[in-house]
> 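Here it is: the structure, laid out below.
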Amino acid sequence: MAHQSEELIIEALDVHKSFGDLEILKGISLRVRKGEVVVLIGASGSGKTTFIRCINLLEDIQGGRIRVNGQAMGYRERADGSLVRDSERNIARQRRDIGMVFQRFNLFAHMTALENIIEAPIHVLGVPRAAALIQGRELLARVGLADKAAHYPSMLSGGQQQRVAIARALAMKPKAMLFDEPTSALDPETVGEVLQVMKELAEDGMTMVVVTHEMGFAREVADRVVVLDQGELIEQGPPEQIFSRPSHPRTLAFLSRVL
C-alpha cells in the first residue's frame with residue numbers, strides 16, 4: 001500500500017460527459033490523495049476509460065470540475081464562478097503533471113527505447129541532452145530494461161514496450177500517473193512484468209489511478225477500489241470491503257462475472 005498524505009492531487013466534482021445524445025459520465029465525483037492508489041473497475045462501457053481521459057483533458061467535459069494540484073484542469077474560473085476553456089499552451093503545461101499509460105504503447109517506431117524516453121524531457125522540459133540520457137538509463141533500469149536502451153520497439157515484446165511507455169511517462173516527473181487498462185493488449189505471459197513495475201511504483205508512493213480488469217492487482221495494490229456502472233460511481237472502499245462485502249447489488253453482479 002502507498003504512503004498517503006492528506007494533500008489532494010486529483011479532485012473531480014460532478015463530472016458529466018456525453019458523446020452526442022449518449023451520456024457516458026453521469027456526475028462522477030472522486031478525490032485522490034497524494035500517494036494513493038485508486039483502481040477503477042466495472043463492466044466494459046461503464047465509463048472508466050472516458051473518466052481518466054477527462055482527467056488528462058483528452059476528452060472535454062460538459063459539466064462539473066476537475067482539479068489537479070488545486071488547479072482547474074483545462075478551464076479558468078471567472079469571477080462569477082463560470083468556466084472558460086484555457087489556452088492550449090496552458091493545457092499542455094497542465095498535462096505535464098499527469099503521466100498517462102495507454103492500452104497501446106504509442107512508442108515512436110523510429111526511435112530506440114532510450115530515445116523514446118528522452119524525447120519529451122529535452123523538447124518539452126528543456127532538460128540538457130546529457131542529463132536526459134542519464135535519467136533515461138536510470139528509468140530503463142527501474143523498469144527492468146537496462147539492457148534494452150538501443151532496441152527499437154519492433155525488437156521488444158509487448159510487455160517490454162509497455163514498460164518503456166511507463167518509463168517515458170515517468171521521465172516527465174509527473175505528480176500522478178493514469179493507467180488505462182495497461183495490460184489488456186498484452187500476451188498473458190508478459191502481463192505480470194508490467195503489473196510488477198506498477199506495484200513497485202505504488203510502493204514508492206506514486207499517486208496512481210488505474211483502470212484494469214486485473215482483479216488480483218486491484219485486491220493487492222489498491223488503497224481504494226472504485227466501482228463504475230453505466231456512468232455512475234456506485235460504490236468505493238478498501239479492496240477487502242469491495243471484494244468480500246460489496247454493498248451494491250450491481251457490484252455483486254459484476255464481481256460474480258469476473259471472479
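Values below: all heavy atoms of this structure, side chains included; hydrogens, waters and symmetry mates excluded. In this text, all values refer to a predicted model and were calculated from it rather than measured experimentally.
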> Mind running side chain to side chain contact (heavy atoms under 4.5 Å, CB included) on Glu189 and Asp187 for me, showing each step along the way?
CA-CA 6 Å; Glu189 63 268 21; Asp187 294 328; 3.7 Å; yes
> Show me the donor-acceptor pairs, under 3.5 Å and distance only, between side chains in residues 163-176 and residues at least two apart or in other chains.
unit_1	atom_1	unit_2	atom_2	d
Arg163	NH1	Val143	O	2.9
Arg163	NH2	Glu193	OE2	3.1
Arg168	NH1	Asn106	O	2.9
Arg168	NH2	Phe105	O	3.0
Arg168	NH2	Asn106	O	3.4
Lys173	NZ	Gln135	OE1	2.4

> Within the side chain of Glu181, is there an N or O that forms a donor-acceptor pair under 3.5 Å with the backbone of His213?
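Not a single qualifying donor-acceptor pair exists.
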> Distance check, rounded to the nearest 0.5 Å: Leu228 atom CG versus Leu25 atom CG?
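Output value for this atom pair is 7.5 Å.
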> Could you grab the distance from atom CG of Leu139 to atom CD1 of Ile134, nearest 0.5 Å is fine?
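Interatomic distance, Leu139 CG to Ile134 CD1, rounded to 0.5 Å: 12.0 Å.
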> Any sub-3.5 Å donor-acceptor pair from Glu214's side-chain atoms to Gly192's backbone N or O?
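Pair absent, no side-chain N/O of Glu214 close to backbone of Gly192.
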> Applying side-chain hydrogen bond (donor to acceptor under 3.5 Å, both in side chains), which residue pairs with at least one partner in residues 138-152 are found, sequence neighbours left out?
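Residue pairs with at least one partner in residues 138-152: Arg142-Asp204.
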> Out of curiosity, Arg65 CZ to Glu11 CD, how far, rounded to the nearest 0.5 Å?
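Separation between the atoms: 11.0 Å.
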> Determine whether Ile242 and Leu259 fall in the same hydrophobic cluster, where Ile, Leu, Val, Met, Phe, Trp and Tyr are linked whenever their side-chain heavy atoms lie under 4.5 Å apart.
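Per the 4.5 Å side-chain linkage, Ile242 and Leu259 are co-clustered.
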> Can you tell which of Val101, Val39, Leu195 makes a side chain to side chain contact (heavy atoms under 4.5 Å, CB included) with Val210?
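The residue from Val101, Val39, Leu195 that satisfies side chain to side chain contact (heavy atoms under 4.5 Å, CB included) with Val210 turns out to be Val39.
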> Under a 3.5 Å distance rule, please check whether Thr112 uses its side chain to pair with a backbone N or O of Glu115 as donor and acceptor.
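It does hold such a pair.
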> Heavy atoms only: give me the nearest Glu235-Arg245 pair and the separation to one decimal.
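Shortest heavy-atom contact: OE2-O, 4.4 Å.
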> Looking at Arg96, I'd like to know if its CZ atom is crowded, meaning that more than 12 non-hydrogen atoms belonging to other residues, nucleotides or ligands lie closer than 6.0 Å.
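More than 12 heavy atoms, drawn from other residues, nucleotides or ligands, come within 6.0 Å of this atom.
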> Does Leu114 reach the side chain of Leu140, with side-chain heavy atoms less than 4.5 Å apart?
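Of all side-chain heavy-atom pairs linking Leu140 with Leu114, at least one is under 4.5 Å.
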> Which heavy atom in Ser157 sits nearest to a heavy atom in Thr190, and how many Å separate them?
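The pair with the smallest heavy-atom distance is OG-CG2, 4.2 Å.
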> Do Val258 and Val227 share a hydrophobic cluster, counting only Ile, Leu, Val, Met, Phe, Trp and Tyr and linking them when any side-chain heavy atoms are less than 4.5 Å apart?
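Yes: a chain of side-chain contacts under 4.5 Å links Val258 to Val227.
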> What's the separation between atom CD1 in Ile98 and atom CD1 in Ile55, rounded to the nearest 0.5 Å?
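So the gap between those two atoms works out to 7.0 Å.
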> Taking C-beta and beyond as the side chain, do Thr183 and Phe217 meet within less than 4.5 Å on heavy atoms?
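SC-SC contact between Thr183 and Phe217 ruled out.
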> Starting at OG of Ser87, measure out to CZ of Arg93 and round the result to the nearest 0.5 Å.
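One gets 7.0 Å once the value is rounded to the nearest 0.5 Å.
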> Side-chain contact test, heavy atoms from C-beta onward, threshold under 4.5 Å: evaluate it for Leu255 versus Ile41 and give yes or no.
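In short, these two side chains touch, coming nearer than 4.5 Å.
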> Without swapping roles, check the side chain of Arg33 against the backbone of Glu6 for a donor-acceptor pair under 3.5 Å.
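Yes, the answer is positive, given that a donor and an acceptor are paired below the 3.5 Å cut-off.
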> Decide yes or no on side chain to side chain contact (heavy atoms under 4.5 Å, CB included) for Leu233 and Phe51, but give the supporting numbers first.
CA-CA 11 Å; Leu233 195 165; Phe51 178 61; over 6 Å; no
> Does any part of the side chain of Leu57, heavy atoms only, come nearer than 4.5 Å to the side chain of Gln94, both counted from C-beta?
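Yes; the side chains approach each other to less than 4.5 Å.
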> When you measure from the side chain of Gln236 to the backbone of Arg224, do you find a donor-acceptor pair of N or O atoms at a distance under 3.5 Å?
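No, Gln236 side chain to Arg224 backbone: no donor-acceptor pair under 3.5 Å.
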> Quick one: does any side-chain atom of Asp180 pair with a main-chain N or O of Gln103 as donor and acceptor, under 3.5 Å?
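It does not hold such a pair.
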> What's the shortest heavy-atom distance between Val225 and Ala222, and which atoms?
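That closest heavy-atom pairing would be CG2-CB, 3.9 Å.
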> Could you check whether any side-chain heavy atom of Leu156 comes within less than 4.5 Å of a side-chain heavy atom of Leu145, counting everything from C-beta outward?
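A side-chain contact under 4.5 Å is absent here.
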> Please answer whether the main-chain N or O of Ile91 pairs with a side-chain N or O of Asp86 as donor and acceptor at a distance below 3.5 Å.
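Side chain of Asp86 to backbone of Ile91: no pair is present.
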> Quick one: does Ile234's side chain get under 4.5 Å of Glu232's, heavy atoms only?
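Heavy-atom side-chain distance check passes, below 4.5 Å.
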> Which heavy-atom pair separates Gln161 from Pro153 by the least distance, and what is that distance?
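For Gln161 versus Pro153, the nearest heavy atoms are NE2-O, 3.4 Å.
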> Where the side chain of Gln162 meets the backbone of Pro182, is there a donor-acceptor pair that is under 3.5 Å apart?
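Looks like yes, one N/O pair under 3.5 Å.
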> Might you work through the side chain to side chain donor-acceptor pair (under 3.5 Å) test for Thr50 and Glu59, ending with a clear yes or no?
CA-CA 7 Å; Thr50 299; Glu59 300 286 355; 6.0 Å; no
> Would you find a donor on one side and an acceptor on the other, under 3.5 Å apart, between the side chain of Arg95 and the backbone of Asn56?
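Yes, because the side chain of Arg95 sits within donor-acceptor range (under 3.5 Å) of the backbone of Asn56.
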> Run the side chain to side chain contact (heavy atoms under 4.5 Å, CB included) check on Arg67 and Leu8 step by step: do they pass?
CA-CA 9 Å; Arg67 295 192 181 98; Leu8 274 182; over 6 Å; no
> State, to 0.1 Å, how close Pro239 and Asp223 come at their nearest heavy-atom pair, and which atoms those are.
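Minimum heavy-atom contact is CD-O, 3.7 Å.
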> To the nearest 0.5 Å, how far apart are CG in Leu178 and CZ in Phe102?
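Spacing of CG (Leu178) from CZ (Phe102) equals 9.0 Å.
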> Please evaluate residues Ile10 and Leu30 with respect to the criterion side chain to side chain contact (heavy atoms under 4.5 Å, CB included), reporting the C-alpha separation (whole Å), side-chain torsions for both, the decisive distance (0.1 Å), and the verdict.
CA-CA 8 Å; Ile10 296 168; Leu30 182 71; over 6 Å; no
> Test Asp229 against every option in Arg250, Lys48, Lys26 by the salt bridge (charged side-chain N to carboxylate O under 4.0 Å, His left out) rule and name the one that passes.
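Going through the options one by one, the only one that passes is Arg250.
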> For Ala43 and Arg257, work out which heavy atoms get closest and say how close.
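In this case the closest contact between Ala43 and Arg257 is CB-NH2, 3.9 Å.
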> Would you call Val194 and Phe179 a side-chain contact if the rule is heavy atoms closer than 4.5 Å?
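They are not in contact (no side-chain heavy atoms under 4.5 Å apart), so the answer is no.
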> Other residues, nucleotides and ligands only: do more than 12 of their heavy atoms fall within 6.0 Å of CZ on Arg85?
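Yes, the 6.0 Å shell around CZ holds more than 12 heavy atoms from other groups.
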> With hydrophobic residues grouped by side-chain heavy-atom distances under 4.5 Å, do Ile52 and Ile66 end up in a single group?
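Yes: a chain of side-chain contacts under 4.5 Å links Ile52 to Ile66.
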> Pair up each side-chain donor or acceptor in residues 12-24 with any protein partner under 3.5 Å, not counting sequence neighbours, and list the distances.
unit_1	atom_1	unit_2	atom_2	d
Asp14	OD1	His16	NE2	3.2
His16	ND1	Glu23	OE2	3.2
Lys17	NZ	Asp60	O	2.9

